[in-house]
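Heads up: numbering here begins at 1 and tracks the sequence.
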Amino acid sequence: MVAILKPALISFRPLRSEDLDVVAAIESASYEFPWSPGIFRDCLHAGYECWVAIDESRGRARVAPIVGYGIVTVAVGEAHILNVCIDKSARGLGHGARFVRYLIDVARSHRAERVYLEVRPSNRRAIELYETLGFNEIGNRPNYYPSSRGREDAIVMAMELLFDDGDLPERWRKG
């Protein structure tokens with residue numbers, strides 16, 4: 001007998017204040033030096049684009065679980081992905097790539113021409129993902145991240161967004 005796995009149905013919705021405990025728990029389980037719940041709250045209040053990934057295929061009863069979050073800020077034609085994370089229980093299923101693509105679409109919807117992000121050099125898996133999606137290394141920030149051994153540099157990556165309205169999902173097209 002061959003088992004056929006049904007791909008997870010992921011949807012995205014804006015982060016709400018009642019999601020902060022779940023998001024902070026995913027963050028704390030994922031990073032040695034996590035963002036505090038207050039940082040997430042500040043991002044919401046500042047009007048950043050804050051999103052959660054929902055795994056509709058894992059929903060029981062009425063509530064499908066949050067399996068990730070992403071935060072991007074957009075200003076003056078540039079976007080910056082500040083944080084993106086998938087819960088450990090949902091990694092390896094392509095959710096990270098789907099989510100980063102979604103955040104890129106959010107940036108496009110705001111007419112960003114370029115998207116930036118930082119990543120730890122030790123996070124080879126994330127670097128490979130970003131390169132696959134079209135990001136290129138453009139520099140580094142010395143001693144950017146705290147680490148158990150002091151500080152770790154950040155690789156700065158960027159992606160140019162060359163498009164017309166036809167490249168946007170219909171819900172974000174200007175009309």
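Among residues two or more places apart in sequence or in another chain, the side chain to side chain donor-acceptor pair (under 3.5 Å) test is passed with Arg141 by Glu118. Taking Arg101 as the reference, nothing meets the side chain to side chain donor-acceptor pair (under 3.5 Å) condition, with sequence neighbours excluded. Applying the side chain to side chain donor-acceptor pair (under 3.5 Å) test to Ser30 and every residue at least two apart in sequence or in another chain returns Arg91. Remark: Arg41 engages no residue in a salt bridge (Lys or Arg N to Asp or Glu O under 4.0 Å) (not counting sequence neighbours). Arg151 meets the side chain to side chain donor-acceptor pair (under 3.5 Å) test with no other residue; sequence neighbours excluded.
The CD atom of Glu113 lies 8.5 Å from the CD atom of Glu78; values are rounded to the nearest 0.5 Å. Atom CD1 of residue Ile26 and atom OG of residue Ser89 lie 8.0 Å apart, to the nearest 0.5 angstrom. Here Ile155 contributes atom CD1 and Ile127 contributes atom CD1; the two are 3.5 Å apart, rounded to the nearest 0.5 Å. Here Leu133 contributes atom CG and Met159 contributes atom CE; the two are 6.0 Å apart, rounded to the nearest 0.5 Å. One finds the OG atom of Ser109 at 10.5 Å from the CG atom of Leu103 (value rounded to the nearest 0.5 Å). A distance of 7.5 Å separates CZ in Phe12 from CZ in Arg98, rounded to the nearest 0.5 Å.
Two different hydrophobic clusters hold Phe99 and Tyr116 under the rule that ILVMFWY side chains link at heavy-atom gaps under 4.5 Å. By the rule that hydrophobic residues join a cluster once side-chain heavy atoms approach within less than 4.5 Å of another member, Val156 and Leu82 end up as members of separate clusters. Under a hydrophobic clustering in which Ile, Leu, Val, Met, Phe, Trp and Tyr are joined whenever their side-chain heavy atoms come within less than 4.5 Å, directly or via other members, Tyr144 and Ile39 fall into different clusters.
Here the closest non-hydrogen pair linking Ala126 and Val119 is CB-CG2, 3.9 Å. Closest approach of Asp55 to His95, counting heavy atoms only: OD2-NE2, 4.4 Å. Residues Ser148 and Phe33 come closest through the heavy atom pair N-CE1, 3.7 Å. For Ala158 against Ile138, the heavy-atom pair with the smallest separation is CB-CD1, 3.8 Å. Residues Asp153 and Pro121 share a closest heavy-atom pair of O-CD, 3.0 Å. Here the closest non-hydrogen pair linking Val84 and Tyr31 is O-OH, 3.5 Å.
By the 4.5 Å heavy-atom criterion applied to side chains, Leu20 and Leu44 are counted as neighbours. Taking 4.5 Å as the limit, every side-chain heavy atom of Trp35 sits out of range of all side-chain heavy atoms of Val23. Two residues are said to be in side-chain contact when any heavy atoms from C-beta on lie closer than 4.5 Å; Asn83 and Phe40 meet this criterion. Ile10 has its side chain out of reach of Tyr102: every pair of non-hydrogen atoms, C-beta onward, lies at least 4.5 Å apart. With a 4.5 Å cut-off on side-chain heavy atoms, Glu137 and Glu131 do not count as touching. You'll find the side chain of Phe135 reaches within 4.5 Å of the side chain of Ile81, heavy atoms only. Between Tyr145 and Asn123 the shortest side-chain heavy-atom distance does not fall below 4.5 Å.
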Give the table of side-chain donor-acceptor pairs shorter than 3.5 Å for residues 66-77, with sequence neighbours excluded, one pair per line with atom names and distance.
residue: Tyr69; atom: OH; partner: Glu27; partner atom: OE1; Å: 2.1

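Heavy-atom contacts from other residues, nucleotides or ligands closer than 6.0 Å to CZ of Arg13 number more than 12.
Listed for the Glu49 side chain is no donor-acceptor partner under 3.5 Å among the backbone atoms of Val106.
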